[in-house]
Protein chains: 2
Amino acid sequence: MGRKQLWDQDEVLASAMRLFRHRGYQGASLRDIEEATGLHPGSLYRTFGNKDGLFHAALDAYNERVVQGRVRVHLLEPADPLAGIRSFFTSAVETGAEPDPGCLLTNTAVESFTLPRAAAGVHHGLAAIEGGFADALTRARHRGDTPPDLDVAATAAHLLALYQGLLVLVRAGLPRTTLHGVTDGAIASIGSLRTPRKQDDHE
Amino acid sequence: MGRKQLWDQDEVLASAMRLFRHRGYQGASLRDIEEATGLHPGSLYRTFGNKDGLFHAALDAYNERVVQGRVRVHLLEPADPLAGIRSFFTSAVETGAEPDPGCLLTNTAVESFTLPRAAAGVHHGLAAIEGGFADALTRARHRGDTPPDLDVAATAAHLLALYQGLLVLVRAGLPRTTLHGVTDGAIASIGSLRTPRKQDDHE
DNA sequence: TCCGTAGTTGAACGATTGCTCACAAAAATA
DNA sequence: TATTTTTGTGAGCAATCGTTCAACTACGGA
């Protein structure tokens with residue numbers, strides 16, 4: 001039934017997410033996309049409908065592959081949860097072979113005010129990271145690596161914000177020493193959020 | 001000699017920075033700019049050269065007026081520095097009359113990878129915020145509100161990252177309770193970064 | 001009052017945008 | 001082999017992009 005598809009969807013989505021992370025949604029033209037993915041407009045519109053469709057497919061793939069992959073490797077699997085959290089932060093700074101730093105999720109969160117449909121994907125990815133932190137913190141507490149009354153949920157949200165902030169500073173091009181200092185601070189601050197005896201008695 | 005300028009430069013830059021914060025540099029067309037500022041293309045190009053020139057003028061004005069104004073009011077002037085830091089964070093969440101949240105500095109830091117010329121302005125603004133944190137923390141330490149061996153520089157960088165992360169989460173549209181939780185965590189984490197006896201003996 | 005100068009206006013330019021579609025190429029079915 | 005069905009190709013569309021510029025308007029000095 002018909003001709004075989006000549007291109008691999010995973011490869012196309014991988015180049016697309018790289019391009020969108022580098023240039024942003026609005027900054028990536030269809031000519032850029034054609035050059036990056038090798039896909040001609042016809043095939044692209046046949047498969048993804050329009051530019052929006054490709055972007056959302058790329059964002060979903062980024063969540064499933066990159067984000068959840070990193071969460072698993074650094075936050076869910078390591079035997080030493082705090083060391084995992086540290087490497088999760090460090091790996092955002094030391095991008096290695098990848099020439100351009102940053103995170104499609106962070107960039108889209110900032111740009112998504114113009115793209116309301118992207119908000120769901122952003123929430124999903126952020127929740128995955130926050131959940132990973134919460135899992136690692138829970139395990140760290142059981143191991144006795146944190147105070148026993150650690151407020152896991154609050155600390156997870158705290159680390160999520162810190163991580164997103166680190167990615168902003170990475171993208172801004174701040175020096176490595178500053179960025180590693182932020183990582184050190186993230187780890188050092190983990191013990192400081194305890195569950196209060198009474199809630200809502202501040203102010 | 002010659003005709004008087006009919007428009008106020010401060011007002012034009014104020015509308016421009018509002019538009020750029022909302023839509024981003026690439027997302028704001030010159031027709032949008034014309035509508036937002038009331039400036040026709042001729043006047044715009046006579047005064048600012050091109051779209052880039054207007055953007056950098058708006059970013060500089062944002063740094064000088066909004067950022068430094070907020071730093072002064074919340075971080076430099078308050079008699080209670082820690083309360084000032086808290087209100088600095090809170091005011092980023094409770095935008096009040098302004099309908100669209102976020103910060104032009106954060107957004108530009110993320111987008112600026114495509115706009116290398118904007119990097120200097122971003123660095124300048126980030127340094128102003130970090131400096132404000134450092135000033136407030138130093139005063140808090142002298143008042144005895146923090147541990148005496150607080151690592152002021154590291155904590156200032158820590159708060160800068162946390163603040164940028166908060167602005168990403170604000171932009172992503174996370175619920176207010178989560179965002180206020182981040183603020184609480186920021187304040188609670190301040191005491192946790194002390195100056196080590198020996199430096200560089202980690203790892 | 002007339003002229004030189006600075007500022008305003010908006011039509012219009014070439015380039016680029018997201019997107020369409022007629023046609024060619026390959027695989028499955030007959 | 002002929003036909004049907006799916007996919008690849010890329011020229012080209014209308015719309016919009018950033019930008020220019022010639023005509024016009026107001027003000028100061030002579």
Side-chain angles (χ1 to χ4, degrees), chain A residues 1-59 104 107-108 111-118, chain B residues 1-59 104 107-108 111-118:
Chain A
M1 44 166 90
R3 189 174 173 171
K4 282 182 195 164
Q5 189 169 286
L6 294 179
W7 46 278
D8 181 55
Q9 178 141 339
D10 286 353
E11 288 177 15
V12 163
L13 288 179
S15 349
M17 64 178 79
R18 224 177 298 132
L19 178 66
F20 283 131
R21 185 186 56 195
H22 184 64
R23 302 244 205 198
Y25 172 79
Q26 306 181 52
S29 78
L30 279 166
R31 270 74 180 181
D32 294 331
I33 294 173
E34 187 175 352
E35 189 184 6
T37 63
L39 227 60
H40 293 81
S43 303
L44 199 152
Y45 277 79
R46 165 186 302 282
T47 310
F48 300 103
N50 54 17
K51 188 184 171 184
D52 254 64
L54 173 64
F55 180 76
H56 288 104
L59 183 59
L104 181 58
N107 302 355
T108 305
E111 198 181 0
S112 69
F113 211 79
T114 325
L115 316 165
R117 277 191 51 205
Chain B
M1 44 173 88
R3 190 170 175 173
K4 282 182 196 165
Q5 188 170 288
L6 295 179
W7 45 278
D8 181 55
Q9 178 141 338
D10 286 354
E11 287 178 13
V12 163
L13 287 180
S15 343
M17 63 179 80
R18 223 176 297 131
L19 177 66
F20 283 131
R21 185 185 57 195
H22 184 65
R23 302 243 203 196
Y25 172 78
Q26 309 183 77
S29 79
L30 279 165
R31 271 75 180 180
D32 294 332
I33 294 173
E34 188 174 351
E35 188 184 7
T37 64
L39 225 61
H40 294 81
S43 303
L44 199 151
Y45 277 80
R46 161 184 298 282
T47 310
F48 300 103
N50 54 17
K51 187 185 172 186
D52 255 64
L54 173 65
F55 180 75
H56 288 103
L59 183 58
L104 180 58
N107 302 356
T108 305
E111 198 181 2
S112 70
F113 211 78
T114 326
L115 316 167
R117 277 192 51 205

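Chain letters run A, B, ... following the sequence lines, proteins first and then strands; every chain starts at 1.
Atom CG in A:L39 sits about 12 Å away from atom P in D:dG10, given to the nearest Å. Between B:L44 atom CG and D:dT20 atom C1' there is a gap of 13 Å when expressed in whole angstrom units. Atom P of nucleotide D:dG8 and atom OH of A:Y45 are separated by 16 Å, given to the nearest angstrom. Distance B:F55 CZ to D:dT19 P: 14 Å, rounded to the nearest Å. Atom-to-atom, CG of B:D8 to P of C:dT8 comes out at 12 Å; the value is rounded to the nearest Å. Here the C1' atom of nucleotide C:dT5 and the CZ atom of B:R46 are 10 Å apart, to the nearest Å. Computed from coordinates, the B:K51 NZ to D:dT20 C1' distance equals 17 Å when rounded to whole Å. With rounding to whole Å, B:E35 atom CD is found 15 Å from C:dG10 atom P.
Distance alone, capped at 3.5 Å, places no donor-acceptor pair between the A:K51 side chain and the A:S29 backbone. For A:H22 (side chain) and A:R18 (main-chain N/O), no donor-acceptor pair under 3.5 Å exists by modelled atom type. Checking side-chain atoms of B:E111 against main-chain N and O of A:G27 turns up no donor-acceptor pair under 3.5 Å.
Picking from C:dA27, C:dG7, D:dC27 the nucleotide with the shortest atom distance to the side chain of B:K4 gives D:dC27. Picking from D:dG18, C:dC19, C:dG10 the nucleotide with the shortest atom distance to the side chain of B:P41 gives C:dG10. Checking C:dT9, D:dG12, D:dG10 against every side-chain atom of A:R31, the shortest atom distance belongs to D:dG12. Listed nucleotides D:dG8, C:dG18, C:dT9 differ in distance to B:S43; the shortest reach to its side chain belongs to C:dT9.
Here A:H40 reaches the OP1 or OP2 of D:dG10: one of its side-chain N or O atoms lies under 4.0 Å away. At the phosphate of C:dT8, OP1 or OP2 sits under 4.0 Å from a side-chain N or O atom of B:W7.
Between the side chain of A:R3 and the base of D:dG8 there is no donor-acceptor pair of N/O atoms closer than 3.5 Å.
B:L6 comes within 4.0 angstrom of sugar-phosphate atoms only, judged by non-hydrogen atoms across all strands, and of no base. Contact annotation for B:S29: backbone-only contact, meaning every heavy-atom pair under 4.0 Å involves sugar-phosphate atoms and none involves a base.
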> Can B:F20 and B:T108 be said to form a side chain to side chain contact (heavy atoms under 4.5 Å, CB included), step by step?
Replying inline: CA-CA 9 Å; B:F20 283 131; B:T108 305; over 6 Å; no
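Taking the nucleotide of DNA chain C with the nearest heavy atom to each of B:T47 and A:D52, the more 5' of the two is matched to B:T47. Nearest-nucleotide mapping onto DNA chain D: of B:L30 and A:G42, the residue sitting toward the 5' end is A:G42.
Around CD of A:Q5, the count of heavy atoms belonging to other residues, nucleotides or ligands within 6.0 Å exceeds 12.
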